[in-house]
Amino acid sequence: MDVTKEVRVSKSIGPIGSTQKQAVECSISRDVDMGNDPTSPISQAQVGLDSGFKIGRWKRIDQVGIKERSKENLGGKLGKRKAENSIEKSVLECKKVRILPFPVSNTEDELEISYNKKLKEKIGAGDEVHKLSDSMGLRQCQRLPVPVISVGNLTWGGNGKTPMVEFIARFVDDSGISPLILTRGYAGGDEVRMLQRHLLGRPVKIGVGANRAATAASFFEKYGYTDPHCRKFSERTCIGRKLGSHMKSDEIGVIVLDDGMQHWSMWRDLEIVMVNGLMPWGNRQLLPLGPLREPLTALKKADAAVIHNADLVSDQNLKNIELEMQEINNSLPIFFTRMAPSYLFEVGDVNSKIPLTAVSNAVVLCISAIGSANAFVQGLGKDIETIRKRLGELEGKFCSKPIVVVTEKDYDRDPEILKHLEPSKVLVLCSELHFLPHGGCSEDGFKSLLKRISGIEMISAVVHRVPAGGGGGSIDGYVFEEPIESYTESYLTHTFEVSSLFASSICNHSTKANERESTFRVVDKYSPCFQPSLHRSPPSLTDIIRSDRARIYSIQARLSRDPGRRDLIVEPNSLRIPVIDGSAFDTLSYLVTVGLGTPKKDLSLVLDTGSRLTWTQCEPCRLCYKQSEPLFDRDDSGSYVSIPRTDPVCAYVRRPVDPPRPTNLCSYEISYGDGSISVGFFSKETLTMSAAEKINSFLFGCGTENTGPFNLEAGVLGLNQEDASIVVQTAQKYKKIFSYCLPSSTSSTGHLTFGSQTPAPADIKYTKLVAEKSPYYGLDLIGIGLGGTKLDIAESIFTTPGTIIDSGAVFTYLPPDAYTTFRDAFRVKMSAYPLIPGPTAAIETCYDFSKSTSVTVPEISFFFKDGTVVGMPGKSSLIAYSSTLTCLGFQKYKEGDKQSIIGNKVQRTMEVVYDVAGQRVGFAPNGCS
């Protein structure tokens, strides 16, 4: 069968001297007739493969491909079975990219051959084959321009995957190549945080995103890439550099694919499978019946296996595991590792490195659930008293205060809960991966495997022999290439498609809204998810800033100890704003639909953590604005009850100066920072929470006079901590607990849930509420970070004004000094994208992403006084207004405001849990889905 193969060849000609330079052809493409000529490049390459030639020191050519195009249509001739066998072979070969060097005379010739696995080109154009390959996704296998090392597993938990990723990243960096770790960032990023902490200060980049090819592309666009096999070395020399100096470049040279074994769409050069020696295959059942993610036959596609926890397994059991794997893949090299303790750090101070000797002769209580960290967190919360009791028993027995030691992974899952063990000292144990020599396999052998695949050995010492008298820049006949010195900190990022910033015409519903009781769907009132037939233009960024400022002034006035500011605020431009509830209404864009009355009538209310009262417009109405649903008619409800003016609950609300008639009924007036106002009767009604749950005698405002910049909503759902709020009214049933997830875009939905959830949200992190900020929700913010690293800002800058988390303010507002530092650091990390002028002077950090398909943004971290660190997805830090205008969603508050606000945009996609009775707020990632 005739097969045309396409190769590219790179050649290095002669020694490098003062008058003769290296010639590299990195993009030569030619057709080669294989024939039977043993001297042809293809034949020599095949000899190199069959003879097991070691890879020499040579420079990488450009991306190389062999494309085999059959001249026969195999789909009909081979039959379906043979076609399927070909496809199965392609599955196993999809990752196989092998560099095949070969010696030619006295020169260093280089040849890299890689297969294009598109089946239409490889095995013909048979319809059956094409349909089958499409269904299996074989033609989606993407080849990156640098070597890819995949670290994966066949079973969940305890395999040492993350420590192995760290080991490889360190080795690649120590060899002079800048690695990029690609990860999905499961479990809220606890493994990512550990990697970032361990690799801090190294030129290691960490990309987080489900679409790892897109994440890699974004990093390539920002930093560039250099394949270790085709580096363009500097022609400058460096006298005095010792042999073995390494190149330190910002350009990415190797990809480390974290948890990549099941990521079939990406081509990998080396597939490493991690196996937990203590429980290699569990019950041998696939998920959900067992821990296996793939059948054991998947070992066929592995290039190396590592049995982890080998020091805890008997020699016989290790032998049994080896034999079983080799029966499936008899050429599989197997290595052995263990976790070795290295140092400790104290909870609340991750930068402290405490030697292991610090716990010598101490009384220690070890608590660990590594590999099952969710159970650890939940169990610790339930059994905290049991642990304290055990600590007391140990202290009484040994007459010494015990030290609590937990694993690093358990700490990263929930550092805040460990604070409950105070005053006991809690230390976190950090460990590192060690190789165990066994059966002829060792750490050196594993590193050699990495070198052969990634090309590390070709650049670890870039030295060329120079003839005598060859010129300057040489020592003892050698010339040394000058390393390119560059430093890039390791930091957490999020990569996403630019199109996801903007609304689509289709509504994407939250999956969690349908899974829980007492849950309402949350929508943006400007989205297709809410009354799509009614077109509404969202407010401009300038309008948002103006409304946000009015809201902040209102909140600050209510919290102020100056009685003169509680009823009136005077802005610098002398605009007088009456203040009652501390809100500006037209920034409130998130709606929930609740049922009121009997029979229930659905009403779309704005959820507001700053408002004390739930109210809606009512018939008969003296002054009402247009809303999306018909007005609530109290005469049509069989459960509506008026409240007399003398009723004690009437004290929950403010009586208007000019109350509506009849005046013997309890009336209310509620005002907002932007001049919005609602006046009506404070009444009781039945509130429907779900098909099975109703709240009888629910206190609400039946508004008959309502004015302001309202936009189709029927009223407000008050969620603050005052007596008339729904949180306090439903305390007996829901224990003053509610949570929400604000939708990621205007074309998606979130949810609002009342009561605690079972099971609790995964990887939730709690921080304490500040009572002084009541009725709002105050937090002890002491710092802010980018990419997981805390910025150098004095804590007092945050603690003096205090911080509130708010569902109403859109932007997040920081003290001026903190904002300036944060803004400048953000611009540096976003320097790959053009900075453009904002719509106003106040909005000064904006970008035009119209020419990019994906964007990589650093993660935003909030640091709290109790040691809790909460990372928000980088995407949530941006507010997109048009295809050419996307701005940073952070602002500095003005000097007169003196109030930091965590606004609603940065909270998007997080599940925010308000445990008012427990005086804490929790944050959990991926809250909407």
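Keep in mind the model is a prediction, meaning the values are calculated, not measured.
- Residue pairs satisfying the disulfide (SG to SG under 2.5 Å) criterion with at least one member in residues 696-737, sequence neighbours excluded, are listed as follows: C618-C702.
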Could you pull out all donor-acceptor pairs under 3.5 Å where a side-chain atom in residues 593-603 meets a protein atom, sequence neighbours excluded?
from : atom 1 : to   : atom 2 : distance (Å)
T598 : OG1    : S639 : OG     : 2.8
K600 : NZ     : D602 : OD1    : 2.8

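- The aromatic ring centroids of F890 and F811 lie 6.0 Å or more from each other.
- Residues S678 and N706 have side chains that bring a donor and an acceptor to within less than 3.5 angstrom of each other.
- A donor-acceptor contact closer than 3.5 angstrom links the side chains of E911 and S739.
- Taking the ring centroids of F682 and F700, they lie at or beyond the 6.0 Å cut-off.
- At a threshold of 4.0 Å, the pair K892-D817 does not count as salt-bridged, since none of the basic side-chain nitrogens sits closer than that to a carboxylate oxygen.
- Screening Y777, F923, Y914 for a ring pair (Phe, Tyr, Trp, His ring centres under 6.0 Å) with Y740, the sole residue that qualifies is Y914.
- For the pair K875 and F496, the distance from NZ or CZ to the six-membered ring centre is under 6.0 Å and the angle to the ring normal is within 45 degrees.
- Looking only at atom types and distance, the side chain of D866 has a donor-acceptor partner in the side chain of T767 under 3.5 Å away.
- Between L781 and F864, the closest side-chain pair of non-hydrogen atoms falls below 4.5 Å.
- Under the side chain to side chain contact (heavy atoms under 4.5 Å, CB included) criterion, T663 pairs with R655, P659, R661, sequence neighbours left out.
- Q907 and S876 are not linked by any side-chain donor-acceptor pair at a separation below 3.5 angstrom, with hydrogens and angles left out of the test.
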